[in-house]
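Below: the structure, in structure tokens.
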Amino acid sequence: EDVLRRDFTINGLLMDPATGEIIDYVDGRADIEKKIVRTIGDPETRFSEDYLRMLRAVRFAGNLNYEIEEGTKQSIKNNCARIKKISAERIQEELTKILTREGARRCFELMSETGILAQLLPEIERLKGIEQPPRFHPEGDVWQHTLMMLGLLPKEEDGQAKKILAWATLLHDAGKALTRTEDEKGVHFYGHVQRGEEIADDIMMRLRFSRAQREAVVELIHYHMVFMNVHKMRPGRLKRFLRMPNFDLHLELHRLDCLASHGMLENYEF
């Protein structure tokens, strides 16, 4: 009875601690073999018990490089709007796990495919189709650039610093959707940093982050374009820049930004 109330078959295995025997009432071992995330029983029923399970399905699929079983995925699409019934604190915790563990890029692709991203982070969903100058961004639009950066996030670090870096990576170009202009000289994003700071602060307030966490992420966004000027900075200005709190995170965000676009690391090396 306990197993049949759990979320996914891969989480529904029991083990006899005395003998080590695995007891499987839900075909969980078969789904592990096939690398499938499937609800135990009817997906509509399982998700109605706790709609956060929809986001957990995405996280497990991304973390483990599994597929979401078709019926389970369709149920997520059908119920994606109901994810808003879940408390902001629980959503924040689940999204942070997605961002700081293996498979962040794939998780966000699945969130977009199932409709969850548009419900929770419409500011990120609207980055799709925001084209950038090919000279600086051969990788494509802002959505593709952001996904590439998520895929490059360092795997080894953990804790508060990685959390701040991961959220800054997701949000650093969020202002581009509202600031894109085009003229005879090309595509521009004037003021995208300031708009990005405002959007990031709004999202993090909505998700009940602490003030200190919001300020750390917003500061990373604020300075992420300054690195293009480091060669021209006067020594005093450069030293103040280097002495900033979390400078190692600023530097890493810049590195990821470059690797997911033009690939030029001259300012990073300097």
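Since the model is a prediction, treat every value here as computed from it, not as a measurement.
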**Request:** Output, in order, the C-alpha distance, side-chain angles, deciding distance and verdict of side-chain contact (heavy atoms from CB on, under 4.5 Å) for L55 and L120.
**Result:** CA-CA 10 Å; L55 201 50; L120 293 181; 4.1 Å; yes
**Message:** Show, in sequence, the C-alpha distance, side-chain angles and deciding distance for I68 and F60, and conclude whether the side-chain contact (heavy atoms from CB on, under 4.5 Å) test is met.
**Reply:** CA-CA 9 Å; I68 302 177; F60 290 137; over 6 Å; no
**Message:** Between M204 and Q92, is the side-chain contact (heavy atoms from CB on, under 4.5 Å) condition met? List the steps.
**Reply:** CA-CA 9 Å; M204 296 186 78; Q92 179 209 128; over 6 Å; no
**Verdict with supporting geometry, I203 and L171, side-chain contact (heavy atoms from CB on, under 4.5 Å)** = CA-CA 9 Å; I203 288 172; L171 301 172; 3.6 Å; yes
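By the ring pair (Phe, Tyr, Trp, His ring centres under 6.0 Å) test, Y268 pairs with no residue at all, sequence neighbours left out. E44 pairs by the salt bridge (Lys or Arg N to Asp or Glu O under 4.0 Å) definition with nothing, not counting sequence neighbours. Residues that satisfy the ring pair (Phe, Tyr, Trp, His ring centres under 6.0 Å) test with H188, not counting sequence neighbours, are Y190. With sequence neighbours left out, the salt bridge (Lys or Arg N to Asp or Glu O under 4.0 Å) criterion links R101 to no other residue. Legend: residues meeting salt bridge (Lys or Arg N to Asp or Glu O under 4.0 Å) with D50, ordered by chain and number and at least two apart, are R90.
Residue pairs meeting the side-chain hydrogen bond (donor to acceptor under 3.5 Å, both in side chains) criterion with at least one partner in residues 227-247, sequence neighbours excluded, are H231-N267. Counting only residues at least two apart or on different chains, the side-chain hydrogen bond (donor to acceptor under 3.5 Å, both in side chains) pairs with a member in residues 15-32 are T9-D31, D31-R38. Residue pairs meeting the ring-ring contact (aromatic ring centres under 6.0 Å, His included) criterion with at least one member in residues 120-146, sequence neighbours excluded, are H137-H145, H145-H172.
A donor-acceptor pair under 3.5 Å links the side-chain atoms of R106 to the main chain of Y66, judged by distance alone. Side chain of R53 to main chain of R46: a donor-acceptor pair is present (N/O by atom type, distance under 3.5 Å, no hydrogens or angles). Of the possible donor and acceptor atoms, one in the side chain of K155 sits under 3.5 Å from a partner among the backbone N and O of L153. No donor-acceptor distance shorter than 3.5 angstrom exists from the side chain of E69 to the backbone of T39, with no hydrogens or angles considered. Between the side chain of N79 and the main chain of S75, a donor-acceptor pair closer than 3.5 Å is present. Between the side chain of D183 and the backbone N or O of G186 there is at least one donor-acceptor pair closer than 3.5 Å. Distance alone, capped at 3.5 Å, is enough to place a donor-acceptor pair between the D141 side chain and the G129 backbone.
For the side chain to side chain contact (heavy atoms under 4.5 Å, CB included) with L64, the qualifying choice from I32, I10, V37 is I10, the only one to do so.
In this structure, the side chains of L165 and P154 come closer than 4.5 Å at one or more pairs of heavy atoms.
Across all non-hydrogen atoms, the minimal contact from V3 to G12 is CG1-O, 3.5 Å. Looking at every heavy atom in both residues, I130 comes nearest to K176 through CG2-O, 3.9 Å. Of all the heavy atoms in I76 and A57, the pair that sits closest is CD1-CB, 3.9 Å. Residue T100 comes nearest to A166 through the heavy atom pair CG2-CB, 4.0 Å, listed as atom of the first residue, atom of the second, then distance. The two atoms that bring L265 and C258 nearest to each other are CD2-CB, 3.7 Å, heavy atoms only. Between L152 and L256 the shortest heavy-atom distance is O-CD2, 3.5 Å.
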For a quick test of your reading: what N or O donor-acceptor pairs under 3.5 Å do the side chains of residues 108-118 make, sequence neighbours left out?
| residue | atom | partner | partner atom | Å |
| --- | --- | --- | --- | --- |
| E109 | OE2 | R105 | NE | 3.2 |
| S112 | OG | E125 | OE1 | 3.1 |
| S112 | OG | K128 | NZ | 2.4 |
| E113 | OE2 | K73 | NZ | 2.9 |
| T114 | OG1 | L110 | O | 2.8 |
| T114 | OG1 | M111 | O | 3.3 |

Would you be so kind as to tabulate the donor-acceptor pairs closer than 3.5 Å made by side chains of residues 210-226, with sequence neighbours excluded?
| residue | atom | partner | partner atom | Å |
| --- | --- | --- | --- | --- |
| S210 | OG | Q213 | N | 3.1 |
| S210 | OG | Q213 | OE1 | 3.3 |
| R211 | NE | E215 | OE2 | 3.0 |
| Q213 | OE1 | S210 | N | 3.1 |
| R214 | NE | D201 | OD1 | 2.9 |
| H222 | ND1 | E197 | OE1 | 3.4 |
| H222 | ND1 | E197 | OE2 | 2.9 |
| H224 | ND1 | I221 | O | 2.7 |

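Residue C107 holds its SG atom at 8.5 Å from CG of L99, rounded to the nearest 0.5 Å. Summarising the geometry, atom CD1 belonging to I86 is positioned 13.0 Å from atom CD belonging to Q119; distances are rounded to the nearest 0.5 Å. Rounded to the nearest 0.5 Å, atoms CE (M149) and CZ (R255) are 10.0 Å apart.
Each of M205 and L95 belongs to its own hydrophobic cluster when Ile, Leu, Val, Met, Phe, Trp and Tyr are linked at side-chain heavy-atom distances under 4.5 angstrom. I40 and V58 fall into different hydrophobic clusters, where Ile, Leu, Val, Met, Phe, Trp and Tyr residues are linked whenever their side-chain heavy atoms come under 4.5 Å apart, directly or through other members. Under the 4.5 Å side-chain heavy-atom criterion for grouping Ile, Leu, Val, Met, Phe, Trp and Tyr, F209 is connected to I164 within one hydrophobic cluster.
Ion pair E123/R206 flagged as a salt bridge, since at least one NZ, NE, NH1 or NH2 atom sits closer than 4.0 Å to an Asp/Glu carboxylate oxygen. The residues E94 and R59 are annotated as salt-bridged, a charged nitrogen and a carboxylate oxygen being separated by less than 4.0 angstrom.
The hydrophobic cluster analysis finds M148 isolated: no Ile, Leu, Val, Met, Phe, Trp or Tyr side chain comes under 4.5 Å of it, directly or through other members. The hydrophobic cluster around M264 extends to none of the other residues, as no ILVMFWY side-chain heavy atom falls under 4.5 Å of it.
For M233, the CE atom counts as densely surrounded, since its 6.0 Å shell holds more than 12 non-hydrogen atoms of other residues, nucleotides or ligands. E182 CD: more than 12 foreign heavy atoms inside a 6.0 Å radius.
Less than 6.0 angstrom separates the ring centroid of F241 from the ring centroid of F227.
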